[in-house]
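Working notes, structure below.
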Amino acid sequence: MPEGHTLHRLAGELGTMFGGRPVAATSPQGRFADGAALLDGTVLESAEAHGKHLMLGFAGERWVHVHLGLYGTFTLGPGEAPPVRGEIRLRLTGPGGFADLRGPAACEVLDPIEKKALYARLGPDPLRADADPGSAWRRISRSRTSIAALLMDQAVVAGPGNVYRAEVLFRQGIDPARAGRDLSMAEWEAIWSDLCALMPEGVRTGRIDTVRPEHTPEAMGRPPRVDDHGGEVYVYRRAGQPCLVCGTEVRTAVLVARNLFWCPTCQSRSGPVSSTSPLAH
DNA sequence: CACTCATGTACAC
DNA sequence: TGTACCTGAGTGG
């Protein structure tokens, strides 16, 4: 489930598993053969993430930049790596275990200048200590684009994806169709601080849980429920089902080529201008 | 076996 | 705004 929390979690796990020691690198699939050969046997010095981008720092100022895209996965395990099955772009092995990368949108070696350039085009990441939410607010507060679309723009905010976008707007009661410039600064600050609470929890648990204790099915006197993506959420992929808070049918629409989910009753907070603006369709 | 879908992005037009 | 693409899991015939 590659939203930002996945990459930060991976950075931590890879750093723990391989950090400070030489790592064996191969590309069983062959599509990263040159890069793997360059890294093979060098020391992993650091592992970090910015938004959905993972950076593995190897000796010699070589950074492996990984972006999982829509369906990339990094599978880690202890001990010996299993026989190769399917397409493995990059396999790292060391005394601590193995890590297999499949299907990434990006897997490449960058120098420090290229790494810096990549970071420069990303918005603030709620999971990074150096994040400046003010830079995101400057863009949001001037934009006619919907807040739902702005939250998916990695140049505005880096890390949240389709799940966090839908869930944070629900938790803050904000209509996803509202233009960024019609949000108050207080509303943006509430979105940001909520992301700063939710996403570290995602890093810790490895899943996205957004349902407050008082709204769990148990607390609401409903049968227990398991969401098919592995976490407990209010609206993401729950179209047609009753809202956990008010019972209204959760709605869905395609916005900028992504599935958006929201509760039309709970998410009715409207700004001064766009209260009647329809969702793009 | 064929087909569909996905938590993302980049590029063409 | 459309579409191609990185791959695996799930579904249905």
Side-chain angles (χ1 to χ4, degrees), chain A residues 1-10 27-33 35-36 49-55 64-76 82 84-91 99-108 110 114 117-123 125-127 144-146 148-170 176 195 198-199 201-203 205-211 226-240 250 252-262 279-281:
Chain A
M1 306 176 196
E3 297 199 20
H5 70 298
T6 304
L7 284 301
H8 283 265
R9 183 179 170 84
L10 273 172
S27 179
Q29 175 196 55
R31 289 185 53 178
F32 188 56
H50 190 140
K52 297 165 189 161
H53 300 261
L54 174 67
M55 290 284 180
V64 174
H65 167 227
V66 173
H67 195 292
L68 293 177
L70 191 53
Y71 33 75
T73 59
F74 228 136
T75 308
L76 281 59
V84 170
R85 221 170 359 89
E87 302 288 297
I88 301 178
R89 185 77 57 87
L90 172 63
R91 168 171 276 182
D100 285 344
L101 172 65
R102 299 171 191 270
C107 177
E108 59 186 346
L110 301 185
E114 293 169 315
L118 193 152
Y119 280 19
R121 61 179 173 78
L122 297 174
D125 176 350
L127 288 170
R144 277 165 291 190
T145 304
S146 68
L150 288 166
L151 285 180
M152 293 288 286
D153 183 344
Q154 300 297 298
V156 176
V157 190
N162 208 11
V163 184
Y164 281 120
R165 171 272 284 266
E167 293 298 308
V168 77
L169 288 174
F170 177 89
L195 290 171
L198 289 172
M199 296 186 72
E201 186 66 6
V203 177
T205 63
R207 42 185 269 177
I208 300 179
D209 292 292
T210 61
V211 178
V226 179
D227 288 318
D228 58 7
H229 70 285
E232 288 278 322
V233 295
Y234 284 105
V235 290
Y236 176 69
R237 279 215 227 175
R238 295 195 63 246
V250 172
T252 186
V254 174
L255 178 68
V256 208
R258 308 305 304 280
N259 296 320
L260 171 67
F261 302 87
W262 80 102
L279 196 65
H281 44 227

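Sequence lines set the chain letters: A, B, ... in the order given, protein chains first and strands last, and positions in each chain run from 1.
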Whole Å only: how far is the CD atom of A/Q29 from the P atom of C/dC5?
15 Å
Output a table of nitrogen or oxygen pairs between the protein and nucleotides 9-13 of chain B separated by less than 3.5 Å.
residue	atom	partner	partner atom	Å
B/dT9	OP1	A/H67	NE2	3.2
B/dT9	OP2	A/K52	NZ	3.2

Distance, rounded to the nearest Å, where A/L198 contributes CG and B/dT7 contributes C1'
15 Å
Using side-chain hydrogen bond (donor to acceptor under 3.5 Å, both in side chains) as the criterion, list what pairs up with A/Q29, not counting sequence neighbours.
A/E87, A/R89
Quick one: ring-ring contact (aromatic ring centres under 6.0 Å, His included) partners of A/H50, sequence neighbours excluded?
A/Y119
If the C1' atom of B/dT7 is compared with that of C/dT1, how far apart are they to the nearest Å?
22 Å
Using ring-ring contact (aromatic ring centres under 6.0 Å, His included) as the criterion, list what pairs up with A/F261, not counting sequence neighbours.
A/Y236
I want to verify a distance call: between B/dG8, C/dG8, B/dA6, whose nearest atom is closest to the A/N259 side chain?
B/dA6
How long is the line joining CG of A/L169 and P of B/dT7, in whole Å?
16 Å
Distance in angstrom units between A/L260 CG and B/dA6 P, rounded
14 Å
Are A/R89 and C/dG8 close enough that a side-chain N or O sits under 4.0 Å from OP1 or OP2?
no
Go through the structure and list residues passing salt bridge (charged side-chain N to carboxylate O under 4.0 Å, His left out) with A/E114, not counting sequence neighbours.
none
Holding to side chain to side chain contact (heavy atoms under 4.5 Å, CB included), I want the full list of residues that pass it with A/T75, two or more places apart in sequence or in another chain.
A/T73
Whole angstroms only, please: what is the CG-P distance between A/N162 and B/dC5?
15 Å
Stems formed with participation of DNA chain C [Watson-Crick or G-U wobble, under 3.5 Å, three or more pairs]:
B:1-6 with C:7-12, B:8-12 with C:1-5
Taking the C1' atom of each, how far is C/dG8 from B/dA10, in whole Å?
22 Å
Partners of A/F170 by ring-ring contact (aromatic ring centres under 6.0 Å, His included), sequence neighbours excluded?
A/Y234
Applying salt bridge (charged side-chain N to carboxylate O under 4.0 Å, His left out) to A/R91 and not counting sequence neighbours gives A/D100
Taking atom P of C/dG8 as reference, at what distance in whole Å does atom CG of A/D100 sit?
11 Å
Ignoring backbone atoms, test whether A/Y236 places a side-chain nitrogen or oxygen under 4.0 Å from the OP1 or OP2 oxygen of B/dT7.
yes
Minimal heavy-atom distance between A/V233 and A/T210, with the atoms involved, is CA-OG1, 3.4 Å
Between C1' on C/dA9 and CD on A/E87, what's the gap in Å once rounded to a whole number?
16 Å
Tell me the interatomic distance from A/F74, atom CZ, to C/dG8, atom C1', rounded to whole angstroms.
17 Å
Minimum heavy-atom separation for A/K52 and A/E3, please, with both atom names.
CG-C, 4.2 Å
Nearest-neighbour nucleotide for the A/R237 side chain, C/dT7, B/dA6, B/dG8 considered
B/dA6
